[in-house]
Protein chains: 2
Amino acid sequence: MKRNSRLSLALHTLGHMAGDPDRRRTSADIAAHAGTNPVVVRRVLGHLRDAGILISEKGHAGGWCLARAPETISLADVYVALDESLVASDSDAQVPACSVEHALHRRVASVLEEVEQTLIQRLGETSILSIRGN
Amino acid sequence: MKRNSRLSLALHTLGHMAGDPDRRRTSADIAAHAGTNPVVVRRVLGHLRDAGILISEKGHAGGWCLARAPETISLADVYVALDESLVASDSDAQVPACSVEHALHRRVASVLEEVEQTLIQRLGETSILSIRGN
DNA sequence: CTATGATGTAACTTCGATGATTACAAGAAT
DNA sequence: ATTCTTGTAATCATCGAAGTTACATCATAG
């Protein structure tokens, strides 16, 4: 795998599911296709399950599938479900000994906050249908 | 030091310089104030020198100072000088064996590209004067 | 002209974050 | 009961970035 891999893995998998929503996939299948490990798949997709995007079932014939229609799932849903953040909020809770650090933090944090909102809004405009397979 | 540390270190230092532009600072001074190592300081500030934001001089009484008036230096100047990128362009040059990966990459890359432009624009609206000390 | 004090940079070490792996419990269907 | 799946804890491996050491280079003081 590679950089920003959790989000990549999640969106990649959802794209395939959007193209064939009835098929149930095991974490082993998904891992093989994505070139990673089943446990990693379960960890990442687990967040999507908790967010109501996916359903997982144990046992024979178990596996993963979409919890709702693909057109109702946006890229932003996935992004927030994974608790991704470009912002790196950096809340060290360190009492900033220095006034420059103080001012700096406030300025930069506000800009990043705004940018993050822009990102989520833009991601919200696209559903996983637009990256579906088949 | 901590997260996103190159940008933090650079802006922190520039904030102090903006508040007292005539004082020349050695990398040892800066490192002590920032709680890091002189070599790290030289590495980071070296990029700012290459970008025409700082001047460094060797020898006795050498050190670092602003190359131009602080009000002409924006946070975006620093950001691009350090070659920072939220985008993580991820150009693995891997031939995407899979159509979903293809579509996914295109979509996400375009959104990130746009967001990065927004970020740079917003950072460009603020000069290092607004985070100065003293 | 030599000593000193600064930067420039290469090389190596350390550290932290994160993915990969192993192991096993739990649950569901055949 | 067996088999196949997920859930999860614990550990290992890897990689990037910061930290460190070492030393060459250069400028100035004296």
Side-chain angles (χ1 to χ4, degrees), chain A residues 1-13 17 23-51 53-67 82-92 94, chain B residues 1-13 17 23-51 53-67 82-92 94:
Chain A
M1 286 181 74
K2 52 197 172 185
R3 192 162 185 184
N4 219 0
S5 49
R6 296 205 310 277
L7 187 59
S8 293
L9 173 58
L11 290 176
H12 185 180
T13 304
M17 288 176 165
R23 177 170 158 206
R24 180 163 300 178
R25 291 159 171 84
T26 68
S27 54
D29 293 341
I30 296 168
H33 181 76
T36 182
N37 189 286
V39 176
V40 174
V41 171
R42 283 178 227 146
R43 278 202 291 240
V44 172
L45 299 193
H47 291 286
L48 304 186
R49 180 192 55 233
D50 297 344
I53 295 172
L54 288 180
I55 288 172
S56 67
E57 296 202 42
K58 292 181 174 179
H60 235 118
W64 300 82
C65 60
L66 295 178
L82 292 182
D83 204 25
E84 293 275 327
S85 178
L86 298 181
V87 166
S89 61
D90 205 357
S91 55
D92 291 32
Q94 300 260 26
Chain B
M1 284 179 74
K2 53 196 170 186
R3 191 160 184 184
N4 220 359
S5 49
R6 296 207 309 278
L7 187 59
S8 292
L9 173 58
L11 289 177
H12 186 181
T13 304
M17 287 175 164
R23 177 170 157 206
R24 180 163 302 180
R25 291 158 171 86
T26 69
S27 55
D29 293 341
I30 296 168
H33 181 76
T36 182
N37 189 286
V39 175
V40 174
V41 170
R42 283 177 227 147
R43 277 204 291 241
V44 171
L45 299 193
H47 290 286
L48 304 185
R49 180 193 55 234
D50 296 344
I53 294 173
L54 288 180
I55 288 172
S56 67
E57 296 203 42
K58 291 181 174 180
H60 235 119
W64 300 81
C65 60
L66 296 177
L82 293 182
D83 204 25
E84 294 275 329
S85 178
L86 298 181
V87 167
S89 61
D90 207 353
S91 54
D92 291 31
Q94 300 260 28

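All figures in this text were calculated on a predicted structure; none of them were measured in a lab. Numbers restart at 1 for each chain; the letters A, B, ... are given by sequence-line order, proteins then strands.
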Original post:
Can you tell me how far P of C/dA23 sits from CZ of A/R42, to the nearest Å?
Top reply: 14 Å

Original post:
About how many Å separate CG of B/L45 and CG of B/L82, when rounded to the nearest 0.5 Å?
Top reply: 9.0 Å

Original post:
Atom CG of A/D29 to atom C1' of D/dT6: distance rounded to whole Å?
Top reply: 13 Å

**OP:** Write down the distance between CZ (A/R25) and C1' (D/dT6), rounded to a whole number of angstrom.
**Re:** 17 Å

Original post:
How far does CG of A/L48 sit from CG of A/L54, to the nearest 0.5 angstrom?
Top reply: 5.0 Å

Original post:
Rounded to the nearest 0.5 Å, how far does CG of A/D29 lie from OG1 of A/T13?
Top reply: 11.0 Å

Subject >> Nearest-angstrom distance from the residue atom CG of B/N37 to P of C/dT9 >> reply: 16 Å

Subject >> Protein-nucleotide distance (A/R49, atom CZ; D/dT5, atom C1'), rounded to Å >> reply: 13 Å

**OP:** Round to the nearest Å and state the distance from A/E84 atom CD to C/dA17 atom P.
**Re:** 16 Å

Original post:
Using a heavy-atom distance cut-off of less than 4.0 Å, which residues of residues 56-65 of chain B contact DNA chain C?
Top reply: B/S56, B/E57, B/K58, B/G59, B/H60, B/G63, B/W64

Original post:
Going by heavy atoms in the side chains, are A/H12 and A/H33 under 4.5 Å from each other?
Top reply: yes

Original post:
If you pin B/A28 and B/R43 to their nearest nucleotides in DNA chain C, which one's is more 5'?
Top reply: B/A28

Subject >> Side-chain N or O of B/T26 closer than 4.0 Å to phosphate OP1/OP2 of C/dG5 >> reply: no

Original post:
Are the side chains of A/I55 and A/L66 in touch, meaning some heavy atoms are under 4.5 Å apart?
Top reply: no

**OP:** From the options C/dA20, D/dG19, D/dA9, select the nucleotide whose nearest atom is closest to the side chain of A/V40.
**Re:** C/dA20

**OP:** For B/H47 and D/dA17, give me the distance from atom NE2 to atom P, rounded to whole Å.
**Re:** 11 Å

**OP:** Could you check whether B/R24 gets within reach of a base, just the sugar-phosphate, or nothing at all, counting any heavy atom under 4.0 Å?
**Re:** nothing

Subject >> A/I55 CD1 - D/dT6 P separation (whole Å) >> reply: 14 Å

Original post:
Do B/R24 and B/E57 come close enough that some side-chain heavy atom pair is under 4.5 Å?
Top reply: yes

Subject >> B/P38 or A/S27, whichever maps to the more 5' nucleotide of DNA chain D >> reply: A/S27

Original post:
Quick one: is D/dA18 close enough that its OP1 or OP2 comes under 4.0 Å of any side-chain N or O from B/S5?
Top reply: yes

Subject >> Nearest non-hydrogen partners of A/S27 and A/R42, listed with the distance >> reply: OG-NE, 3.0 Å

